[in-house]
Undergrad: 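Encoded as structure tokens, here's the structure I'll be asking about.
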Amino acid sequence: MDFRDTAEEAAFRDEVRSWLAENLVGEFAALGPGGGPADESGYEVRLEWERLLGRDKWVGMAWPREYGGRESGIVDQVIFNEEYALAGAPARISFFGEGLFAPTLIAYGTEEQKQRFLPKIQAVEELWCQGYSEPNAGSDLSNVQTFGVLDGEEWVINGQKTWTTLAHRADWCFCITRTNRDAPPHKGISYLLVPMHQPGVETRPLKQMTGTAEFNEVFFDDARTDKSMVLGQVDDGWKVAMATLGFERGTAFLSQQLGFARELGDVIAVAQKNGSAEGAVIRQRLAEAYVGVQIMKYNGLRMLTSLARNGVLGPEASIGKLFWSTWHRNLGELAMDVLGADGAIIEGAPGAGYELNELQRSFMFSRSETIYAGASEIQRNIIGERVLGLPREPKSK
Amino acid sequence: MNFAFSEEQEELRQTIRRFLEDKSPSTEVRRLMETVDGYDEAVWKQMGQELGLQSLHIPEEYGGQGFTFVELGIVLEEMGRVLVCAPYFSTVVLAADAILNAGTDDQKQALLPGLASGETRAALAFTEPNGRWDASGITIEARPEGDSFVLDGIKSFVIDGHTAELIVVVARTPGSTGEDGIGFFTVAGDAPGLTRTPLATMDQTRKQAKLEFSGVKASALGEVGSGWAALSKTLDQAAVGLANEMVGGAQKVLEMSVQYAKDRVQFGRPIGSFQAIKHKCADMLLEVESAKSAAYYAAWSAAEDNDELPVVASLAKAYCSDAYFHAAAENIQIHGGIGFTWEHDAHLYFKRAKSSEILFGDATYHRELLAQRIGI
């Protein structure tokens with residue numbers, strides 16, 4: 001047990017720091033850390049920044065060298081992400097391609113598919129979106145109804161996806177599609193790769209309670225993709241889809257703790273400025289939030305060690321999602337209580353739009369975090385059944 | 001970066017677990033908790049002679065094995081798991097650390113080998129009937145008299161105070177207040193003028209006593225008057241030790257709950273298949289695992305004796321005591337009626353969780369301390 005960097009880790013950290021100091025300058029530095037992968041501000045500049053990252057192999061750093069990666073271990077990835085967050089570098093637009101699709105592609109794709117897609121992801125020339133949720137398939141994801149049927153050498157796809165982050169910017173969609181209606185729900189799904197720029201695909205922004213539209217609805221109306229654009233076997237896409245979710249729930253949160261710590265720092269600063277930090281109840285809640293954000297760090301480091309030693313993230317990763325999303329929701333509520341009367345007022349004149357400040361935005365946006373990527377109730381089922389081994393609920397007839 | 005126990009540490013854990021499963025089954029815990037002394041002399045000796053548990057984290061120059069707080073944390077976690085009835089926490093965590101933090105080298109040479117070998121049982125008397133865990137709670141004055149001091153007044157909530165052979169007493173110089181004037185003193189358990197009264201404890205597995213000092217002669221331990229730093233550090237180490245002990249109990253009640261949820265059938269199916277129970281268990285796992293992360297990190301920080309210790313000690317004490325109490329309470333709820341009986345062990349853990357929550361300041365106290373320590 002030792003939380004200090006080894007000599008190799010320290011050297012790598014220096015390398016990352018130097019690279020960031022040299023490159024995160026000018027208009028790139030001016031972007032700031034922003035709100036998340038879906039933050040649209042400064043889009044073109046952010047794209048340019050990510051292409052710079054890709055050029056120097058910071059996109060895809062974990063990939064095998066034959067696909068342009070650095071074969072970085074998990075600890076180095078976390079060091080990079082830590083330094084990236086500490087430098088206040090922009091949230092990554094390429095998250096869905098690099099963070100979710102690429103690891104799944106490396107695990108399940110054919111050689112041809114890897115050669116076709118990985119270089120474009122690393123160069124940030126092709127962006128991806130995740131076609132999972134549908135109006136009638138949220139927590140019950142295996143109920144997806146978007147249907148794909150082979151027509152000669154092409155799949156023809158019809159249906160609707162929703163909550164699709166950055167769909168309006170994406171070039172491709174990894175889309176879980178029902179390809180066999182006669183099989184049981186989990187057995188008739190294929191993981192199709194669908195080009196977004198075609199007449200059969202329409203994207204509409206989905207305006208949320210925050211007033212912004214980070215998510216979209218995507219409509220497939222005789223959309224087409226080549227027969228070869230299936231990841232894994234036809235009708236066997238459920239396990240591929242679950243692998244992607246494992247990446248989403250597992251590794252992504254390991255470095256987001258730093259962003260949360262910064263956000264808590266902002267809330268503490270407001271509380272000290274407006275005097276609410278002198279009240280016993282607010283003090284308790286601020287301390288509790290601090291405890292939570294530190295424990296997130298410790299949990300992450302324990303998981304990281306286990307990942308580095310054993311190579312896999314188990315269902316225990318669900319603890320992370322449940323922990324951070326609940327913590328962040330509580331922080332949003334605390335932030336509003338700290339703001340007091342000011343929290344109820346939106347900056348700008350009435351009718352000038354609905355521009356929330358950062359704390360108001362967290363307060364509202366965090367309501368989505370206990371729902372997306374597996375709602376908290378689903379996370380508790382996963383923990384109960386797969387970690388603790390409790391019996392499943394009997395299937396409804 | 002490495003947040004895992006080494007192979008040797010895991011072996012140590014297995015060795016201790018086997019020893020305690022043999023020496024401290026529920027039947028023994030129940031036998032000892034009904035006694036006034038609350039420990040078994042033979043098992044206490046075996047802990048020292050067979051496993052060297054008392055000497056584990058004491059430096060080699062004072063008769064110990066020179067391991068760190070991480071290994072000590074493992075021992076405490078295993079003891080918490082089975083609710084060991086022994087004056088271990090009082091002797092090894094409280095008294096030994098107080099001597100290490102406050103004593104001169106000569107005093108450590110004189111006192112620690114006895115503690116390390118298990119020959120001497122010791123206690124730390126700092127809390128008073130006012131029940132405060134901070135400097136302002138210490139009101140007993142130590143009156144200088146020749147080369148030594150004289151103590152008059154009452155200490156209370158002293159863990160294993162009625163059975164200890166050596167008592168480390170915290171008092172203050174006449175007329176001093178707050179963090180000024182604090183000093184450590186040593187008194188023999190059978191010193192003239194010292195009246196020791198065992199208290200009936202709600203958590204019968206951990207004994208406490210009231211100590212009345214009436215003109216008791218005491219020797220100074222370290223420099224009298226500037227002892228606050230040493231006491232504060234001792235209390236931080238105690239909070240870390242207790243946090244590790246608590247996660248052992250928390251893990252045990254989680255296991256009891258999950259097993260019962262798998263076995264108990266109602267409405268024609270195991271109750272663990274109902275989300276009402278499953279989600280309780282999931283929340284317990286999240287809290288227990290998080291508590292472990294906090295306790296282990298804090299143990300490492302104590303082992304390193306780094307600047308983070310005060311912050312992580314309060315953090316771990318606050319989180320682990322809430323997590324343990326919650327888990328112990330849910331364990332009763334999940335067990336239903338059987339969980340409310342004297343016969344079932346659930347209440348033993350529930351009571352230990354509560355007494356541990358109170359000890360050294362509850363979660364509210366430590367969150368406030370934490371707020372101050374991080375500059376809020």
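Below, chains carry the letters A, B, ... as their sequence lines are ordered, and counting in each starts from 1.
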Undergrad: So which residues of residues 256-267 of chain B are in contact with chain A at a heavy-atom cut-off of under 4.5 Å?
TA: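 If one takes a 4.5 Å heavy-atom cut-off, the residues of residues 256-267 of chain B near chain A are Val258(B), Ala261(B), Lys262(B).
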
Undergrad: What part of Glu304(B) gets within 4.5 angstrom of chain A, counting heavy atoms only: side chain, backbone, both, or neither?
TA: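 Only the side chain of Glu304(B) comes within 4.5 Å of chain A.
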
Undergrad: Contact part of Glu278(A) toward chain B, heavy-atom cut-off under 4.5 Å: side chain, backbone, both or neither?
TA: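 For Glu278(A), neither part sits under 4.5 Å from chain B.
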
Undergrad: Give the member of Thr68(B), Val70(B), Leu286(B) that has the highest number of heavy-atom pairs under 4.5 Å with chain A.
TA: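 The answer is Leu286(B).
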
Undergrad: Can Arg70(A) be said to sit on top of Trp58(A)'s aromatic six-ring, NZ or CZ under 6.0 Å from centre and within 45° of the ring axis?
TA: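 Yes - Arg70(A) lies over the ring of Trp58(A), closer than 6.0 Å to its centre and within 45° of its axis.
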
Undergrad: Counting only non-hydrogen atoms closer than 4.5 Å, does Ile277(B) touch chain A with its backbone (N, CA, C, O), its side chain (CB onward), both, or neither?
TA: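 No part of Ile277(B) comes within 4.5 Å of chain A.
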
Undergrad: Tell me, yes or no, whether the heavy-atom count around Gln333(B) atom CD, taken from other residues, nucleotides or ligands under 6.0 Å, exceeds 12.
TA: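 No, because the 6.0 Å sphere around CD of Gln333(B) holds 12 heavy atoms or fewer from other groups.
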
Undergrad: Tell me which of these, Gly272(B), Ala294(B), Ala371(B), Ser290(B), has more heavy-atom pairs under 4.5 Å with chain A than the rest.
TA: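 Of Gly272(B), Ala294(B), Ala371(B), Ser290(B), Ser290(B) has the most heavy-atom pairs under 4.5 Å with chain A.
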
Undergrad: Any chance you could lay out the salt bridge (Lys or Arg N to Asp or Glu O under 4.0 Å) test for Arg81(B) and Glu255(B), step after step, and finish with the verdict?
TA: CA-CA 11 Å; Arg81(B) 183 180 169 85; Glu255(B) 290 170 17; 2.8 Å; yes

Undergrad: Just how far is it from atom CD of Glu245(B) to atom CG of Leu359(B), taken to the nearest 0.5 Å?
TA: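 The CG atom of Leu359(B) is 9.0 Å from CD of Glu245(B), to the nearest 0.5 Å.
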
Undergrad: Any chance the side chains of Asp322(B) and His326(B) put a donor and an acceptor closer than 3.5 Å?
TA: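 Looking only at side-chain atoms, His326(B) and Asp322(B) do not form any donor-acceptor pair under 3.5 Å.
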
Undergrad: Does Glu288(A) pair with Arg285(A) as a salt bridge, N-O distance under 4.0 Å?
TA: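 Here Glu288(A) does not pair with Arg285(A) in a salt bridge, since their nearest N and O are not under 4.0 Å apart.
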
Undergrad: If I compare all heavy atoms of Ile358(B) with all of Trp133(B), which pair ends up nearest, and what's the gap?
TA: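 Heavy atoms only, the tightest pair is O-CZ2, 3.4 Å.
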
Undergrad: Shorter than 4.5 Å, heavy atoms on both sides: which option in Arg302(A), Arg309(A), Glu393(A) has the most such pairs with chain B?
TA: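 The option with the most such pairs is Arg302(A).
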
Undergrad: With under 30° as parallel and over 60° as perpendicular, where do the rings of Phe3(B) and Tyr296(B) fit, or are they tilted in between?
TA: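 Rings of Phe3(B) and Tyr296(B): perpendicular, over 60°.
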
Undergrad: How about CZ on Arg269(B), more than 12 heavy atoms from neighbouring residues, nucleotides or ligands closer than 6.0 Å, or not?
TA: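 Enclosed: over 12 neighbouring heavy atoms sit under 6.0 Å from CZ of Arg269(B).
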
Undergrad: Quick one: what part of Lys280(B) sits under 4.5 Å from any heavy atom of chain A, side chain, backbone, both or neither?
TA: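 Lys280(B) has no heavy atom closer than 4.5 Å to chain A.
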
Undergrad: Taking the six-membered ring of Phe325(B) as reference, does the NZ or CZ atom of Lys354(B) fall below 6.0 Å from its centre and within a 45° cone about the axis?
TA: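 Judged by the rule, Lys354(B) and Phe325(B) form a cation-pi pair.
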
Undergrad: Is the count of non-hydrogen atoms from other residues, nucleotides or ligands lying under 6.0 Å from Asn136(A) atom CG greater than 12?
TA: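 Not buried by this count: 12 neighbours or fewer within 6.0 Å.
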
Undergrad: Which of the residues Leu388(A), Ile268(A), Leu286(A), Ile79(A) is involved in the greatest number of heavy-atom pairs with chain B at under 4.5 angstrom?
TA: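 Between Leu388(A), Ile268(A), Leu286(A), Ile79(A), the count favours Leu388(A).
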
Undergrad: Consider only side-chain N and O atoms of Glu71(A) and Trp63(A), and report whether a donor and an acceptor are under 3.5 Å apart.
TA: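 Checked: Glu71(A)/Trp63(A) side chains show no N/O donor-acceptor pair below 3.5 Å.
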
Undergrad: For Thr364(B), is it the side chain, the backbone, both, or neither that has a heavy atom closer than 4.5 Å to a heavy atom of chain A?
TA: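 Both parts, backbone and side chain.
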
Undergrad: Is Glu9(A) in contact with chain B via its backbone, its side chain, both, or neither, using a 4.5 Å heavy-atom distance?
TA: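 It is the side chain, since no backbone atom gets that close.
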
Undergrad: For the interface with chain B, which of Ala271(A), Ala287(A), Ala277(A), Ala308(A) has the highest count of heavy-atom pairs at distances below 4.5 Å?
TA: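 Of the candidates given, the most pairs with chain B belong to Ala287(A).
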
Undergrad: If you tally heavy-atom pairs under 4.5 Å against chain B, which of Pro391(A), Gly384(A), Gly389(A), Pro394(A) wins?
TA: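 It is Pro391(A).
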
